[in-house]
> 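Please find one structure pasted underneath; my questions will follow.
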Amino acid sequence: MLGNTFRASTTMAAAFFDAETIRLLVVGDSGIRMNGDQVYRWLKPVDDLSTTARIEVFNLLKGDGGSSDEVEAQTRKISFQGLDNGVSEGILEEEDAARICTLVSDKYADIVPSQHTEAILRTGIRSQYLYANRPDHPLGYSSLNCDPILMDDVIDVSKPIAEVETLEFFTDGYFDLPGEVSVSAWEKAFDKCETVDFHKTESFPSIKGSTSKEFADDRSVIVVRNS
């Protein structure tokens with residue numbers, strides 16, 4: 001319901017059919033791939049900021065000699081709770097936090113003012129909900145969270161049903177797109193990413209890496225064929 005005070009937030013990738021047309025509607029960073037090549041998906045800038053900072057933190061802590069699982073756990077905590085929390089708990093030095101803020105701010109200066117970059121990095125992903133459906137903020141993004149949807153980044157396209165052979169609906173747990181249209185191909189692509197970039201800091205940068213006990217993120221995919 002609009003105006004609900006509980007701020008659960010989610011994405012959507014949906015298709016609506018009539019006799020001659022398929023309407024594709026995407027909100028957030030879930031996606032739809034049509035006919036194995038046309039991808040409809042929007043990636044929000046705030047995730048780019050958080051990912052870049054997360055990689056800097058991971059590499060810094062890894063250089064201090066911790067185990068991969070320990071470094072990933074500390075990095076995830078800092079990503080979620082923010083650089084300031086990492087400093088207060090003695091995981092980071094303030095000069096490290098300041099350097100990371102400057103590095104990320106400089107990298108994305110053309111799209112996000114530095115004060116907003118530092119604000120999200122200092123407070124972490126837990127504060128990201130504050131930017132959902134905010135038309136007045138450079139980090140604003142569309143989300144299903146009981147507020148009116150921002151709409152600026154919502155993908156809404158219609159295609160003749162005769163032109164659509166396959167549709168693949170996928171979540172952000174996949175870091176690369178497969179070359180074939182099948183659930184097994186998506187899983188093979190995921191396995192390849194795990195092999196090539198286990199920590200998700202190089203070829204497939206992400207806000208989470210894998211550990212010896214868990215994968216980096218949740219993933220779901222549905223393949224629909226027009227027969």
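Quick note: numbers below take in every heavy atom, side chains included, and nothing from hydrogens, waters or symmetry partners.
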> Do D69 side-chain atoms and S212 backbone N/O form a donor-acceptor pair below 3.5 Å?
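The answer is yes, because a donor-acceptor pair under 3.5 Å joins these two groups.
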> Tell me whether R219 is salt-bridged to E194, with the criterion being a basic N under 4.0 Å from an acidic carboxylate O.
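Judged by the 4.0 Å cut-off on N to carboxylate O distance, R219 and E194 do not form a salt bridge.
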> Just by distance, do the side chain of T195 and the backbone of D191 share a donor-acceptor pair under 3.5 Å?
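Yes, T195 side chain to D191 backbone: donor-acceptor pair under 3.5 Å.
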> So T51 and I207, do their side chains get closer than 4.5 Å, heavy atoms only?
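Result yes, sub-4.5 Å side-chain heavy-atom pair found.
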> Is V46 reachable from I149 through a run of hydrophobic residues whose side-chain heavy atoms are each under 4.5 Å from the next?
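I149 and V46: separate clusters.
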> With rounding to the nearest 0.5 angstrom, report the OH to CG distance, Y131 to L150.
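Reported to 0.5 Å precision, the distance equals 14.5 Å.
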> Once rounded to the nearest 0.5 Å, what's the spacing between atom CD1 of I120 and atom SG of C101?
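Output value for this atom pair is 11.0 Å.
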> Would a 4.5 Å heavy-atom cut-off, applied to side chains only, mark I161 and F17 as touching?
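Result yes, sub-4.5 Å side-chain heavy-atom pair found.
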> Donor-acceptor pair, T171 side chain versus S220 backbone, under 3.5 Å?
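Present.
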> So which atom in G209 and which in E72 form the shortest heavy-atom distance, rounded to 0.1 Å?
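Closest approach of G209 to E72, heavy atoms only: N-OE2, 3.0 Å.
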> For atom CD1 of I222, decide whether the heavy atoms of other residues, nucleotides or ligands shown that lie under 6.0 angstrom number more than 12.
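Count not over threshold, so no.
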> D218 and D172: side-chain contact (heavy atoms from CB on, under 4.5 Å), yes or no, with the steps?
CA-CA 7 Å; D218 64 308; D172 65 347; 4.1 Å; yes
> Only counting residues at least two apart or in another chain, list the ones meeting side-chain contact (heavy atoms from CB on, under 4.5 Å) with A185.
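Scan of A185 (side-chain contact (heavy atoms from CB on, under 4.5 Å), adjacent residues dropped) gives P178, E180, S182.
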> What do you reckon, is CD of E187 surrounded by more than 12 foreign heavy atoms closer than 6.0 Å?
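Count over threshold, so yes.
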> Decide whether V57 and F80 are clustered together by the hydrophobic rule: side chain heavy atoms of Ile, Leu, Val, Met, Phe, Trp, Tyr closer than 4.5 Å, transitively.
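Cluster IDs for V57 and F80 differ.
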> Which heavy atom of V87 sits nearest to which heavy atom of A97, and what is that distance?
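In terms of heavy atoms, the two residues are closest at CG2-CB, 3.8 Å.
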> Do F190 and V39 share a hydrophobic cluster, counting only Ile, Leu, Val, Met, Phe, Trp and Tyr and linking them when any side-chain heavy atoms are less than 4.5 Å apart?
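Yes, same cluster.
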> Is any side-chain heavy atom of P45 closer than 4.5 Å to a side-chain heavy atom of Y108?
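The answer is no, as the side chains (C-beta and beyond) never meet within the 4.5 Å cut-off.
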> Is the number of heavy atoms from other residues, nucleotides or ligands within 6.0 Å of CD (E89) greater than 12?
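Yes.
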> Has the side chain of D153 got a donor or acceptor atom that lies under 3.5 Å from a matching backbone atom of K44?
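Answer holds: no.
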> Are the side chain of S50 and the backbone of D47 linked by a donor-acceptor contact shorter than 3.5 Å?
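Not confirmed, S50 side chain does not pair with D47 backbone.
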> Under 4.5 Å between any side-chain heavy atoms of D29 and Y141, yes or no?
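D29 does not reach Y141 side chain to side chain.
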> Begin from the C-alpha positions of F16 and L25 and carry the test side-chain contact (heavy atoms from CB on, under 4.5 Å) through to its verdict.
CA-CA 8 Å; F16 303 89; L25 192 60; 4.1 Å; yes
> Could you tell me whether E20 atom CD has more than 12 heavy atoms of other residues or ligands within 6.0 Å of it?
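Result for CD/E20: open.
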> Check V154 against S142 and note the closest heavy-atom contact, atom names and distance.
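So the minimum-distance heavy-atom pair works out to CG2-OG, 3.7 Å.
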> If you group Ile, Leu, Val, Met, Phe, Trp and Tyr by side-chain heavy-atom gaps below 4.5 Å, do F204 and L43 land in one group?
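No, it is not one cluster - the side chains of F204 and L43 are not joined through contacts under 4.5 Å.
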> Does R54 qualify as a cation-pi partner of F58, given the criterion of NZ or CZ under 6.0 Å from the six-membered ring centre and within 45 degrees of its axis?
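Yes, a cation-pi geometry.
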> Test: side-chain hydrogen bond (donor to acceptor under 3.5 Å, both in side chains). Region: residues 95-107. Which pairs qualify, not counting sequence neighbours?
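Sorted pair list: E56-R99.
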> Under a 3.5 Å distance rule, please check whether D48 uses its side chain to pair with a backbone N or O of T52 as donor and acceptor.
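No: the side chain of D48 does not pair with the backbone of T52.
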> Quick check: closest heavy atoms across V164 and N226, and the distance to 0.1 Å?
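So the minimum-distance heavy-atom pair works out to O-ND2, 2.9 Å.
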> To check you understand the geometry: which heavy-atom pair defines the closest contact between R122 and E94, and what is its length?
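Smallest heavy-atom distance, with atoms named: NH2-OE2, 2.9 Å.
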> How many angstroms lie between OH in Y40 and CG in L167, if you round to the nearest 0.5 Å?
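CG of L167 is found 9.5 Å from OH of Y40.
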> Is there a donor-acceptor pair closer than 3.5 Å between any side-chain N or O of D197 and the backbone N or O of E202?
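Checking the backbone N and O of E202 against the side chain of D197, a donor-acceptor pair under 3.5 Å is found.
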> For M12, does its backbone N or O pair with a side-chain atom of S30 as donor and acceptor, under 3.5 Å?
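Side chain of S30 to backbone of M12: no pair is present.
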> Could you tell me the separation between the CD1 atom of I78 and the CG atom of L92, rounded to the nearest 0.5 Å?
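That separation rounds to 4.0 Å.
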> Could you check whether any side-chain N or O of N35 sits under 3.5 Å from a backbone N or O of D37, counting only pairs where one atom can act as donor and the other as acceptor?
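No; judged by distance alone, with no hydrogens or angles, the pair does not exist.
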> Let me check something: do V183 and V181 share a hydrophobic cluster, defined by ILVMFWY side-chain heavy atoms less than 4.5 Å apart, either directly or through other members?
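In one cluster: yes.
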> At what distance, to the nearest 0.5 angstrom, does NZ of K62 lie from CD1 of I55?
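So the NZ of K62 and the CD1 of I55 are separated by 12.0 Å.
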> Please list, chain by chain and in numerical order, all residues satisfying ring-ring contact (aromatic ring centres under 6.0 Å, His included) with Y174, sequence neighbours excluded.
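Counting only residues at least two positions away or on another chain, Y174 forms a ring-ring contact (aromatic ring centres under 6.0 Å, His included) with W186.
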> Any heavy-atom pair between the side chains of F169 and V224 that's under 4.5 Å?
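With C-beta onward as the side chain, the pair touches.
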> Hey, mind stepping through L49 and L139 against side-chain contact (heavy atoms from CB on, under 4.5 Å) and telling me if it holds?
CA-CA 10 Å; L49 306 181; L139 292 178; 3.7 Å; yes
> Examine distances only and state if a side-chain atom of R23 and a backbone atom of S158 form a donor-acceptor pair shorter than 3.5 Å.
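Side chain of R23 to backbone of S158: no pair is present.
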> Kindly compute the distance separating CG (L83) from OG (S88), expressed to the nearest 0.5 Å.
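With rounding to 0.5 Å, CG (L83) is 11.0 Å from OG (S88).
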> Apply side-chain contact (heavy atoms from CB on, under 4.5 Å) to residues Y129 and S9 and explain how you reach the verdict.
CA-CA 8 Å; Y129 77 95; S9 183; 5.9 Å; no
> Which pair of heavy atoms, one from A13 and one from I32, lies closest together, and at what distance?
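Minimum heavy-atom separation between A13 and I32: CB-CG1, 3.8 Å.
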